[in-house]
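Below: the structure, in structure tokens.
Both counts, for ligands and for their atoms, begin at 1 and track the order of listing. Excluded from the calculations below are hydrogen atoms, water molecules and symmetry mates; all remaining heavy atoms, backbone and side chain alike, are included. Nothing here was measured: the structure is a model prediction, and the numbers come from that model.
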Amino acid sequence: MPGTASPTPLRVALLGCGVVGTEVARGLLTGADDLAARVGAPLELVGVAVRDLATERDPAVPRELLTTDAETLVDGADIVVEVMGGIEPARTLLLRAVKGGASVVTANKALLAERWPELFEAADAAGVDLSFEAAVAGAVPIVRPVRESLAGDHVRRVLGIVNGTTNFVLDRMTTEGLELEEAVREAQALGYAEADPTADVDGFDAAAKAAILASLAFHTRVSIDDVAREGIRAVTADDVAAAAATGHTVKLLAIAERTAEGVSVRVHPALVPVEHPLAAVRGAFNAVFVEADGAGPLMFYGQGAGGRPTASAVLGDVVSAARHRVLGGKGPEESAYASLPLLPADAAVTRYQVRLVVDDRPGVLAQVAGVLAEHGVSIETVRQSALDPDGAEAAEPGAEPAGAAANLLLTTHRAREASLAATVAAVAGLEPVREITSVLRVEGA
Ligand code: NDP
Ligand code: HSE
């Protein structure tokens, strides 16, 4: 506008130039005009911190912006974007940034789930934004809806598929009958899973995201150490096929729920009825199902990983933080006022499907049912199928045939995890029980 001084550019420092950082840099540089119009001031990418200057990089990132001196870069910035990952030096750099008055944007769920109080206390004391939309479910807007849009409601439950790699693996096991190892190898070949797939397969990544969602949903500090975690390593092709036979699909779920006693946060594989919206989430996609008192059920769905999708969420946070710099105001501070009790893993209440192999003779079903009754676990359905109708197979070559056997599939009503664990141990000890094939929780029914 004639006579109007152009606004001072906002200095953006980018920490990391990998899968996500490269796309954040590209978005800042190629989308500069749109971003300036949306913010009300230009965003100037002043530098990109990396470990190794010699690494070949996407030409979209000008080499002259690269530096290994992350500290100096942070010191001169208005907004610091952290997409380097890991706890250190990311933590120290973010704390340095907020103490210096910069707003920070991070995609680092591992850091948030471990150092949440420290980061928020520093950001709130400095009066700057701490934003992290990309840290949960990549491109899927879920942090802002839970943190801001539902701030006037009461969230009851969050149920999500928040790890794309494990969803891809379980999907391949379901559609192709693959065993876990084969499906993980496919995920690695496609770039979903790391060479060491532990963070995904063993549920650490999903647990970090569950901690973040629970902290926001229940206004209570939840760290990754408070999350009961079980990954998908023990899930077999047989489990997946058995699930399908009963109208379920196996999903790795992150669950955070408010009960009369407190908050339960857990990550584990679960059977989801095929008609539930989460059952339809295929491949590496993510989805989060939120139930709130007023809003009722809400579903958020999209790409949970990848450079461009994740950068989309990061850039949204950058625009929001930049607008606050230009127009005044700031994003929400930490809200942990409710400080609800965090329940131990064995206090969780859910339904279970137990598969076992038993001797096929009179009275066995009654014995099994009696053990469940003794432990106060109520049976919803029982299915029996003959496993070895002739009793012809001996357990060991040369040994006597073991007699006819049957598969039993028990689905329980809702029961406490502790009661179920005691029940399964007692059932396993019954003389006619040959094997407990699997115990899987049933969610979303
Ligand atoms: P990458 O490993 O691809 O990139 C990490 C970048 O950070 C690299 O450029 C690396 O430098 C740089 N870096 C790492 N350590 C240091 C250090 N000590 N000093 C300076 N630079 C350093 O990671 P991603 O881009 O995949 O992930 C980044 C973050 O985003 C993580 O927190 C991740 O959890 C999160 N995230 C990632 C998603 C994805 O799909 N990839 C999805 C959602 C969140 P150099 O290149 O020199 O090695
Ligand atoms: N490894 C994660 C996933 C992506 O598979 O969903 C980063 O959050």
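Looking only at protein heavy atoms, the nearest one to atom 4 (O) of ligand 1 is Gly18 CA, 3.3 Å. What sits closest to atom 43 (C) of ligand 1 on the protein, heavy atoms only, is Thr310 CG2, 3.5 Å. In terms of protein heavy atoms, atom 12 (C) of ligand 1 is closest to Gly16 CA, 3.8 Å. Ranking the protein heavy atoms by distance from atom 31 (C) of ligand 1 puts Gly85 CA, 3.6 Å first. With hydrogens left out, the protein atom closest to atom 9 (O) of ligand 1 is Cys17 N, 2.8 Å, a heavy atom. For atom 4 (C) of ligand 2, the closest non-hydrogen atom on the protein side is Ala305 CB, 3.6 Å. Shortest contact from atom 22 (C) of ligand 1 to any protein heavy atom: Met84 CE, 3.4 Å. Atom 28 (C) of ligand 1 has as its closest protein heavy atom Val83 O, 3.2 Å. Among all non-hydrogen protein atoms, the one lying nearest atom 40 (O) of ligand 1 is Gly306 N, 2.7 Å.
Close contacts between ligand 2 and Gly164 involve ligand atoms 3 (C), 5 (O), 6 (O) [criterion: under 4.0 Å to a heavy atom]. Annotation for ligand 2: atoms under 4.0 Å from non-hydrogen atoms of Asp205 are 2 (C), 8 (O). Those atoms of ligand 1 that come under 4.0 Å of a heavy atom in Ala134, given as number and element, are 43 (C), 44 (C). Atoms of ligand 1 found under 4.0 Å from any heavy atom of Lys109 (numbered from 1 in listed order, with element): 33 (C), 34 (O), 35 (C), 36 (N), 43 (C), 44 (C). Close approach of ligand 1 to Pro89 (heavy-atom distance below 4.0 Å) involves ligand atoms 18 (N).
When Glu194, Gln303, Lys109 are ranked by how near their heavy atoms come to atom 8 (O) of ligand 2, first place goes to Lys109. Closest to atom 14 (C) of ligand 1 by heavy atom, among Glu82, Arg57, Arg51, is Arg51. For atom 24 (P) of ligand 1, the choice among Leu53, Val314, Val24, Val20 with the nearest heavy atom turns out to be Val20.
The aromatic rings of Phe132 and Phe120 sit perpendicular to each other, their planes meeting at more than 60°, with 30° as the lower class boundary.
Asp226 and Arg221 are not joined by a salt bridge, as no carboxylate oxygen comes within less than 4.0 angstrom of a charged side-chain nitrogen. Ion pairing of Asp78 with Arg11 is absent here, as no side-chain N (NZ or NE/NH1/NH2) approaches a carboxylate O to less than 4.0 Å. Classification of Arg229 and Asp202 as a salt-bridged pair fails, no side-chain N sitting under 4.0 Å from a carboxylate O. A salt bridge does not link Arg258 with Glu291: none of the charged nitrogens is closer than 4.0 Å to a carboxylate oxygen. A salt bridge links Arg416 and Glu261; the closest N-O separation between the charged side-chain nitrogens and carboxylate oxygens is under 4.0 Å.
Ligand 1 is never approached by Ala70 to a heavy-atom distance shorter than 4.0 Å.
Under 4.0 angstrom from ligand 1, the non-hydrogen atoms of Val19 come from both its backbone and its side chain.
Test Val424, Leu410, Leu409 against Leu356 for side-chain contact (heavy atoms from CB on, under 4.5 Å) and you get one pass: Leu410. Only one option out of Glu417, Glu230, Glu257 pairs with Arg266 in a salt bridge (charged side-chain N to carboxylate O under 4.0 Å, His left out); it is Glu257.
Between the side chain of Thr22 and the main chain of Val19, no donor-acceptor pair closer than 3.5 Å is present. Remark: side-chain polar atoms of Lys251 are paired, donor with acceptor, to backbone N or O of Val281 under 3.5 angstrom.
Considering backbone and side-chain N/O atoms, Asp52 comes within less than 3.5 Å of an N/O atom of ligand 1.
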